[in-house]
Structure formats: C-alpha cells, structure tokens
Novice: 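Have a look at the structure that comes next, please.
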Amino acid sequence: MALDQKMENYALSVQEEIKQIIRDMCAIPAPSHHEEKRAEFCKKWFEDNGFENVSIDAALNVLAPVNVTSDNKITIYMAHTDTVFPELTPLPFSEDDEFMYSPGVTDDTANLAVLMVCARYFKDHFKGGKDGVLFVANSCEEGLGNLKGSRQIMADFASRTKEFITIDGTCLDRIVTCAVGSHRYKVTVKTEGGHSYGNFGNRNAIAVLSSMISLLYSVKVPVEGNSKTTYNVGTISGGTSVNTIAQDACMMYEYRSDNKNCLAKMQKMFEQTVETFRSMGIEVEVEKVGDRPCSGEIDETAFAALKNRISSAIRETLGMDSREASSSTDANMPLSLGIPAVCISGCRGAGCHTREEKLEKASLLPGCRLLLDIICEN
C-alpha cells in the first residue's frame with residue numbers, strides 16, 4: 001500500500017517531534033533490567049497521546065493496545081527501551097545539522113521514537129475490525145537481557161499472535177527473517193594456586209583457562225546448507241597478583257548459529273570440553289547466562305505473506321529492493337514458536353554498541369513513511 005496524502009503529510013509534520021522524543025529518551029539511562037524510567041516515560045507519552053489501558057508488565061514492557069480484546073487475534077509491533085551501556089547516569093548527547101550522537105541513539109532509541117508516533121497515527125485513524133494491534137516498548141533485548149521482554153510478551157500473547165514485527169537496527173532495506181540462536185556461559189576454573197615461588201608447580205587457573213580457550217578455538221564449526229555458526233570469548237578475568245599462582249579464572253563464552261542443529265552440535269562440543277578438563281581433576285563451574293532460540297517450524301504461506309508485505313512496503317515507499325538476513329533480535333522468540341515474525345529498521349545510523357554511535361537525522365522521514373505504510377496496512 002502506498003502512502004496517501006494524509007499519511008505523507010503526517011510523516012512530514014512529526015519530524016521535529018520524533019527528534020525531541022529521541023533527545024528526551026537519550027537523557028534517560030536504560031541498561032538491560034533497569035529500564036524503569038524509560039518505561040515510565042513511554043507509558044506517560046502513550047497516555048498523553050490518547051491511548052487507553054496503557055500498562056507496564058512485570059518484565060518492564062510498556063503495552064499500548066488498540067482494539068485488543070480479551071481473546072481476539074493481534075499483530076504486535078515493538079521496539080526496545082534498553083541499551084548495551086551499563087551506566088545509570090545520563091549518557092553524553094550532542095547533535096549537528098546531520099547527526100545526533102549518543103550511545104544507544106539508534107539502538108534502539110530512534111526506532112522506538114518512530115514507532116511511537118506511527119502508533120499514534122494508527123490509533124487516531126483506526127477504522128475498526130475484529131483483530132487488534134499491540135504496540136510495545138519492550139525491555140531486555142540487549143546482551144544479558146536475554147530477550148526477557150519479548151519472552152514475557154510471548155508468554156502472555158503467543159496463542160493469539162498473528163504476526164510480530166520488531167523495529168531495530170539501522171538498515172532500511174533489511175528484513176531479518178531468520179533467528180540466530182545463541183548460548184552464553186560464565187565459565188570459572190578453580191585450582192589450588194599458591195605462591196609463585198614457594199608453590200611453583202601448582203596448577204594456575206589462568207593457564208588452565210587459557211588451555212580451555214585454545215581448545216574451544218580449535219573447533220571446526222558445523223555447517224548445514226548455508227548456515228553460519230560462530231563462537232567467541234568476550235571477557236576473561238582472574239588471579240590475585242603478579243606473584244600469586246591464580247586460584248581462579250573466569251571467562252564469558254558464547255556460540256551462535258542460525259541453524260538449530262548446528263547450535264545443538266556446538267552445545268555438545270562445549271559440554272565435552274568442560275568434561276575433559278573436569279576429568280583431569282580441575283574444578284570447572286558453568287553458569288548459563290543467556291539462551292536465545294533459533295527459528296522453529298513456521299507456516300510457509302503465512303510467513304511468505306508477511307515477508308511479501310514488508311518487502312512491498314520497502315519497494316513502494318522507499319524505492320529500494322529489500323534483502324533478507326539472519327540476526328539475533330526480539331523476533332527470535334516468536335520465530336522459535338512458529339509465529340511469522342520479522343525485524344525491520346526505522347532509521348539509519350552507524351557505530352551501534354559503541355560510544356561513537358550516531359543517527360542520521362534525514363533517515364527518520366523514510367523510516368516514518370515505511371512504518372506508517374506497514375502498520376496502516378494491518
């Protein structure tokens with residue numbers, strides 16, 4: 001569906017409002033599991049703009065329903081409130097004529113702002129129908145947030161969800177249609193340690209952990225068809241001092257795959273590696289800190305209809321050919337349950353997950369046009 005003149009005029013008229021929402025939200029820290037203040041901001045915004053029955057659930061998701069009854073089918077649109085940055089104090093913000101600069105400004109603050117104003121247009125012009133639309137500002141998409149917000153939404157609404165669209169990222173032509181699953185672990189190695197001179201010869205936990213990392217990095221990743229599987233040690237820590245044989249050392253380790261069979265093979269490999277070191281009398285503690293699922297079995301006809309609707313909107317609204325991709329997003333949860341789901345973007349920018357993150361201001365207009373087209377065709 002191409003935008004009519006009323007929608008086009010609306011998209012043009014809300015550009016400064018979108019930018020102000022972004023400025024306001026960038027001033028509100030929102031690390032995963034601590035999105036309370038941004039959630040309250042979003043709830044108040046929805047209420048001030050005429051949404052009824054707005055609520056915040058136990059996972060800190062903000063729910064703004066339109067025509068959602070106790071049992072009708074619904075389409076879900078969501079964008080996340082959390083950022084990867086751990087600070088609980090405001091992050092630096094600046095802007096010039098072309099860009100806004102702030103950690104988290106695109107991921108996912110700008111996308112959420114665009115979704116909010118587009119949700120208002122839909123609410124104000126909703127013509128009625130049996131199905132409902134649920135707009136969500138969700139929590140815990142990033143890192144060790146482990147998709148807590150999306151999990152809660154699926155726990156509450158999966159049986160009634162017809163389609164699921166999450167707004168994230170900075171590529172307006174990209175449609176994420178395949179979920180990259182992952183397992184994340186905190187692995188701690190413990191040894192007897194001791195004085196570096198007096199107890200020389202005792203096992204050093206850092207050395208043992210290094211050997212484990214070396215073994216994990218020697219693995220040949222499994223492949224099925226065009227699948228992609230990866231692994232990474234993201235952090236290491238441990239030891240006491242330069243003259244102490246380390247008694248403990250810890251790492252954060254993950255593996256990912258867009259194929260559930262390959263993910264299972266990586267899990268088996270990891271577990272075998274841990275058992276190999278335990279068999280040598282080494283104490284190894286493993287804590288799973290993240291578990292994101294791959295795509296499950298999805299009705300091909302329903303999924304194709306959603307993908308075609310999104311790709312048509314990108315082509316007609318932006319004049320671009322779309323491309324499908326795999327990624328780890330809030331769409332992982334519905335995809336794993338067999339619900340047609342995609343992730344699209346409502347802005348362009350660069351430097352995501354870095355302190356140099358920036359938003360291209362001019363991209364907010366095409367992003368707004370795209371979301372209006374998709375939502376109002378619902």
Novice: Do L365 and V14 belong to the same hydrophobic cluster, where Ile, Leu, Val, Met, Phe, Trp and Tyr are linked whenever their side-chain heavy atoms lie under 4.5 Å apart, directly or via other members?
Specialist: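 No; V14 is not reachable from L365 via cluster members.
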Novice: Quick one: which of C343, C178, S295 gives a side chain to side chain contact (heavy atoms under 4.5 Å, CB included) with L335?
Specialist: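 Only one option passes, and that is S295.
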Novice: Please answer: with hydrophobic residues joined when any side-chain heavy atoms are less than 4.5 Å apart, are M116 and M78 in the same cluster?
Specialist: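 Unlinked, M116 and M78 end up in two clusters.
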Novice: What closest approach, in Å, do N261 and E224 show between heavy atoms, and which atom pair accounts for it?
Specialist: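 In this case the closest contact between N261 and E224 is CB-OE2, 3.2 Å.
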Novice: Do side-chain atoms of R369 reach the backbone of T317 as a donor and acceptor pair under 3.5 angstrom?
Specialist: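 Not at all, since once roles are kept as given, no pair shorter than 3.5 Å links the two residues.
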Novice: Count the heavy atoms of every other residue, nucleotide or ligand shown that sit under 6.0 Å from OH of Y217, and state whether that count exceeds 12.
Specialist: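 Enclosed.
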Novice: Using a cut-off of 6.0 Å, state whether more than 12 heavy atoms not belonging to K307 lie near its atom NZ.
Specialist: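 For K307, atom NZ is crowded (more than 12 foreign heavy atoms under 6.0 Å).
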Novice: Using modelled atom types only, decide if a donor and an acceptor are shared between the side chain of R151 and the backbone of A59 within a distance under 3.5 Å.
Specialist: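 Such a contact is absent between R151 side chain and A59 backbone.
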Novice: Kindly assign one of parallel, tilted or perpendicular to the pair F46 and F51, based on the angle between their ring planes and the thresholds 30° and 60°.
Specialist: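 F46 vs F51 ring planes: perpendicular.
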Novice: Under the salt bridge (Lys or Arg N to Asp or Glu O under 4.0 Å) rule, what do E95 and K19 come out as? Steps first, then yes or no, please.
Specialist: CA-CA 11 Å; E95 62 182 299; K19 293 171 190 174; over 6 Å; no
Novice: Check N259 against S227 and note the closest heavy-atom contact, atom names and distance.
Specialist: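 For N259 and S227, the tightest heavy-atom pair comes out as CB-CB, 3.7 Å.
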Novice: Would the distance check show the side chain of N199 and the main-chain N or O of G193 forming a donor-acceptor pair, the cut-off being under 3.5 Å?
Specialist: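 No, N199 side chain to G193 backbone: no donor-acceptor pair under 3.5 Å.
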Novice: Will you find, in the side chains of T329 and D168, an N or O donor that is under 3.5 Å from an N or O acceptor?
Specialist: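 T329 vs D168: no donor-acceptor pair found between side chains.
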Novice: Under a plain distance cut-off of 3.5 Å, with no hydrogens placed, do R292 and N146 share a side-chain donor-acceptor pair?
Specialist: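 Short answer, no.
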Novice: So how far is it from C42 SG to E40 CD, rounded to the nearest 0.5 Å?
Specialist: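 Here the rounded value is 10.0 Å.
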Novice: Do the side chains of E98 and K361 get close enough for a salt bridge, i.e. N-O under 4.0 angstrom?
Specialist: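 Answer for the salt bridge query: no.
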Novice: Is there a path of hydrophobic side-chain contacts, each under 4.5 Å between heavy atoms, that joins F126 and L372?
Specialist: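 Looking at the clustering, L372 is in the same group as F126.
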Novice: List the steps and the verdict of side chain to side chain contact (heavy atoms under 4.5 Å, CB included) for E142 and D108.
Specialist: CA-CA 10 Å; E142 298 290 4; D108 200 27; 5.8 Å; no
Novice: When rounded to the nearest 0.5 angstrom, what distance separates CG in D373 from CG in D4?
Specialist: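 It comes to 10.0 Å.
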Novice: Can you sort out the partners of R315 under salt bridge (Lys or Arg N to Asp or Glu O under 4.0 Å), two or more places apart, ordered by chain and number?
Specialist: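 Partners of R315 by the salt bridge (Lys or Arg N to Asp or Glu O under 4.0 Å) criterion come out as none, since no residue qualifies.
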Novice: Could you give the distance from OG1 (T75) to CD (E377), rounded to the nearest 0.5 Å?
Specialist: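 The CD atom of E377 is 11.5 Å from OG1 of T75, to the nearest 0.5 Å.
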Novice: Do other residues, nucleotides or ligands put more than 12 heavy atoms under 6.0 Å from N226 CG?
Specialist: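 Not more than 12 within 6.0 Å, no.
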Novice: Output all residues satisfying side chain to side chain contact (heavy atoms under 4.5 Å, CB included) with Q267, sequence neighbours left out; order by chain, then residue number.
Specialist: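 Only H183, Y185, Y255, E271 meet the side chain to side chain contact (heavy atoms under 4.5 Å, CB included) criterion with Q267.
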Novice: Do other residues, nucleotides or ligands put more than 12 heavy atoms under 6.0 Å from I56 CD1?
Specialist: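 Enclosed: over 12 neighbouring heavy atoms sit under 6.0 Å from CD1 of I56.
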Novice: Is there a donor-acceptor pair under 3.5 Å between the side chain of S150 and the backbone N or O of L147?
Specialist: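 No, because the side chain of S150 does not come within donor-acceptor range (under 3.5 Å) of the backbone of L147.
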Novice: What distance do D48 atom CG and R120 atom CZ have between them, rounded to the nearest 0.5 Å?
Specialist: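 Reported value, rounded in 0.5 Å steps: 11.0 Å.
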Novice: Please answer whether the main-chain N or O of V180 pairs with a side-chain N or O of N332 as donor and acceptor at a distance below 3.5 Å.
Specialist: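 Such a contact is found between N332 side chain and V180 backbone.
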Novice: Quick check: closest heavy atoms across I339 and M154, and the distance to 0.1 Å?
Specialist: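 For I339 and M154, the tightest heavy-atom pair comes out as CD1-SD, 3.7 Å.
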Novice: Which value, rounded to the nearest 0.5 Å, describes the distance between E297 atom CD and S336 atom OG?
Specialist: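 Between atom CD of E297 and atom OG of S336 there are 12.0 Å.
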Novice: Are K228 and D258 close enough for a salt bridge, meaning some N to O gap below 4.0 Å?
Specialist: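 No, no charged N to carboxylate O under 4.0 Å.
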Novice: Is a donor on one side and an acceptor on the other found under 3.5 Å between the side chain of N232 and the backbone of E254?
Specialist: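 Such a contact is absent between N232 side chain and E254 backbone.
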Novice: Is the closest basic N to carboxylate O distance between E35 and K148 below 4.0 Å?
Specialist: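 No, no charged N to carboxylate O under 4.0 Å.
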Novice: Which distance, rounded to the nearest 0.5 Å, do you find between the CZ of R174 and the OG of S345?
Specialist: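 It is 5.5 Å, given to the nearest 0.5 Å.
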Novice: For the pair S311 (side chain) and N308 (backbone), establish whether a donor and an acceptor sit closer than 3.5 Å, ignoring hydrogens and angles.
Specialist: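 Indeed, once roles are kept as given, a pair shorter than 3.5 Å links the two residues.
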Novice: Does a donor on one side chain and an acceptor on the other come within less than 3.5 Å for D82 and S32?
Specialist: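 Yes, a side-chain donor-acceptor pair sits under 3.5 Å.
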Novice: Answer yes or no: is there an ion pair linking E47 with K44, defined by an N-O contact shorter than 4.0 Å?
Specialist: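 Looking at K44 together with E47, the answer is no, because their closest N to O distance does not fall below 4.0 Å.
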Novice: Can you find a pair of side-chain heavy atoms, one from S210 and one from I206, that are under 4.5 Å apart?
Specialist: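 The answer is yes, as the side chains (C-beta and beyond) meet within the 4.5 Å cut-off.
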Novice: Regarding T106 and E357, do their side chains bring together a donor and an acceptor under 3.5 Å, going by distance alone?
Specialist: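 Note: T106 and E357 side chains meet the donor-acceptor criterion.
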Novice: Does V136 share a hydrophobic cluster with M333, counting links as ILVMFWY side-chain heavy atoms below 4.5 Å and allowing steps through other members?
Specialist: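 Both belong to a single hydrophobic cluster.
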Novice: What pairs with T170 under side-chain hydrogen bond (donor to acceptor under 3.5 Å, both in side chains), at least two apart in sequence or on another chain?
Specialist: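 For T170, no residue satisfies side-chain hydrogen bond (donor to acceptor under 3.5 Å, both in side chains) once neighbours in sequence are set aside.
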Novice: Quick one: list whatever passes side chain to side chain contact (heavy atoms under 4.5 Å, CB included) with T89, sequence neighbours left out.
Specialist: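 T89 satisfies side chain to side chain contact (heavy atoms under 4.5 Å, CB included) with E87 only.
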Novice: Would you say the rings of F270 and Y231 are close, in the sense that their centroids are separated by under 6.0 Å?
Specialist: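 They do not qualify: ring centres at least 6.0 Å apart.
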Novice: Within the distance-only criterion (no hydrogens, no angle test), does the side chain of N111 pair as donor or acceptor with the backbone N or O of G346 below 3.5 angstrom?
Specialist: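 Pair found, side chain donor or acceptor close to backbone of G346.
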Novice: Quick one, K73 with D131, criterion salt bridge (Lys or Arg N to Asp or Glu O under 4.0 Å). Give me CA distance, side-chain angles, the key distance, then yes/no.
Specialist: CA-CA 5 Å; K73 290 289 185 180; D131 293 340; over 6 Å; no
Novice: Decide side chain to side chain contact (heavy atoms under 4.5 Å, CB included) for N72 and N67; before the verdict, give the C-alpha distance in whole Å, the side-chain angles of both, and the deciding distance to 0.1 Å.
Specialist: CA-CA 9 Å; N72 64 345; N67 196 45; 4.2 Å; yes
Novice: Closest heavy-atom contact between T191 and N204?
Specialist: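 For T191 and N204, the tightest heavy-atom pair comes out as OG1-C, 3.8 Å.
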Novice: With sequence neighbours left out, what residues match Y10 under ring pair (Phe, Tyr, Trp, His ring centres under 6.0 Å)?
Specialist: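 Result, ring pair (Phe, Tyr, Trp, His ring centres under 6.0 Å) vs Y10: Y121.
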Novice: Is there a side chain to side chain contact (heavy atoms under 4.5 Å, CB included) between L306 and I165? Walk through the geometry before answering.
Specialist: CA-CA 9 Å; L306 174 60; I165 298 95; 4.2 Å; yes
Novice: Got a donor-acceptor contact below 3.5 angstrom from the K123 side chain to the A64 backbone?
Specialist: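 Between the backbone of A64 and the side chain of K123 there is no qualifying donor-acceptor contact (under 3.5 Å).
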Novice: Could you state whether M25 and V54 fall into the same hydrophobic cluster, counting links through intermediate Ile, Leu, Val, Met, Phe, Trp or Tyr residues with side-chain heavy atoms under 4.5 angstrom apart?
Specialist: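 Linked, M25 and V54 end up in one cluster.
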Novice: If you take all heavy atoms of D107 and C352, which pair is closest and at what distance?
Specialist: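 Looks like CB-SG, 4.0 Å.
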Novice: Only one of F122, F135, F164 clears ring-ring contact (aromatic ring centres under 6.0 Å, His included) with Y77; which?
Specialist: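 Exactly one option meets the ring-ring contact (aromatic ring centres under 6.0 Å, His included) with Y77, and it is F135.
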Novice: Which residues satisfy the ring pair (Phe, Tyr, Trp, His ring centres under 6.0 Å) test with F93, sequence neighbours excluded?
Specialist: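 Once residues adjacent in sequence are excluded, F93 has no partner under the ring pair (Phe, Tyr, Trp, His ring centres under 6.0 Å) criterion.
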Novice: Take V221 and T230, measure what side chain to side chain contact (heavy atoms under 4.5 Å, CB included) needs, and give me the verdict at the end.
Specialist: CA-CA 7 Å; V221 296; T230 66; over 6 Å; no
Novice: What's the shortest heavy-atom distance between T166 and D330, and which atoms?
Specialist: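 Of all heavy-atom pairs spanning T166 and D330, the closest is OG1-CB, 3.9 Å.
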